[in-house]
Amino acid sequence: MSHAPQSPPTEVAPGIRRLTGRVANFYLVEQSGGLTLVDAGTPGDWQLFLRTLDTLGRRLGDLDAVVLTHAHPDHVGFAERARREGPTSVWVHEDDAAVAQGAKLGKGDASLAKYLARTEFYRTFAGLSRGKAMKMIPIVEVSTFAGDEVLDVPGKPRAVHIPGHTPGNAVLFLESRRALLTGDTLVTRNPLTGRIGPQIQPSGFNRDTAQALASLSALEDLNAEIILPAHGDPWHGPVSQAVQLARAAGPS
Ligand SMILES: [Zn+2]
């Protein structure tokens, strides 16, 4: 095995690093020595996570918390392994807790068949398959939040409940850094069509697309300068403008 020198992943906002594994981005937030991981990639991204800690001169034991934006397999990823081996606590909104712990995932509100002509569909599913994220690894024990509350973990993210993509879907607002981690609430690259720009997730991945669009209004008052989504590149600018673009783009 070769050990090429590695550099830490890009710092996309003060103390926030973007890790891009096989499908979704996830983020490592640092505050006065503490570490919070926002989402946990796919199970196969575990090595990427360990390498990242290594390049930062940190260890698994330094991880204080994993906060999940929602309970989908490309976000829950290796959370159970981090919980067990850290050990660390894993946070999720109470309405997604049962699924994160192994209950059956609700169906999307459109068939995936409509995306079969898209190259991006195959790119995403190849990534899910290689990352062993076709199926969720249940988290044995979770801590829950109810939405609109500041979590007592490094970075002090404010969790805001934005139902639609999943029932317990949430964004995390890091107010002092003016950064909004949107998970799958608002993405900048569509994982089924490949379209670039602020938009909600495609209907094939949403529990309730109409609700996902309507819920975006809860983002408009968050005074962030950068949006860090789970799919696609960071987006710079007022959140209200990103929301407007996402509404204009509509369902896909
Ligand atoms: Zn999702």
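We count residues from 1, following the sequence as given. Whatever order the structure lists them in is the order used to number ligands and atoms, beginning at 1.
Under a 3.5 Å cut-off, the side chain of Ser203 and the backbone N or O of Thr209 do not form any donor-acceptor pair. A donor-acceptor pair under 3.5 Å is formed between the side chain of Asp39 and the backbone N or O of Thr69.
For Arg207, the salt bridge (Lys or Arg N to Asp or Glu O under 4.0 Å) test picks out no residue, with sequence neighbours left out. Shown here are the ring-ring contact (aromatic ring centres under 6.0 Å, His included) partners of Phe78, two or more places apart in sequence or in another chain: Phe26, Trp46, Phe49. Arg177 meets the salt bridge (Lys or Arg N to Asp or Glu O under 4.0 Å) test with no other residue; sequence neighbours excluded.
Within the protein, the N, O or S atoms sitting under 2.8 Å from the Zn ion (ligand 1) are His70 NE2, His72 ND1, His165 NE2, Asp184 OD2.
Salt bridge Asp45/Arg22: present, at least one basic N to carboxylate O contact under 4.0 Å.
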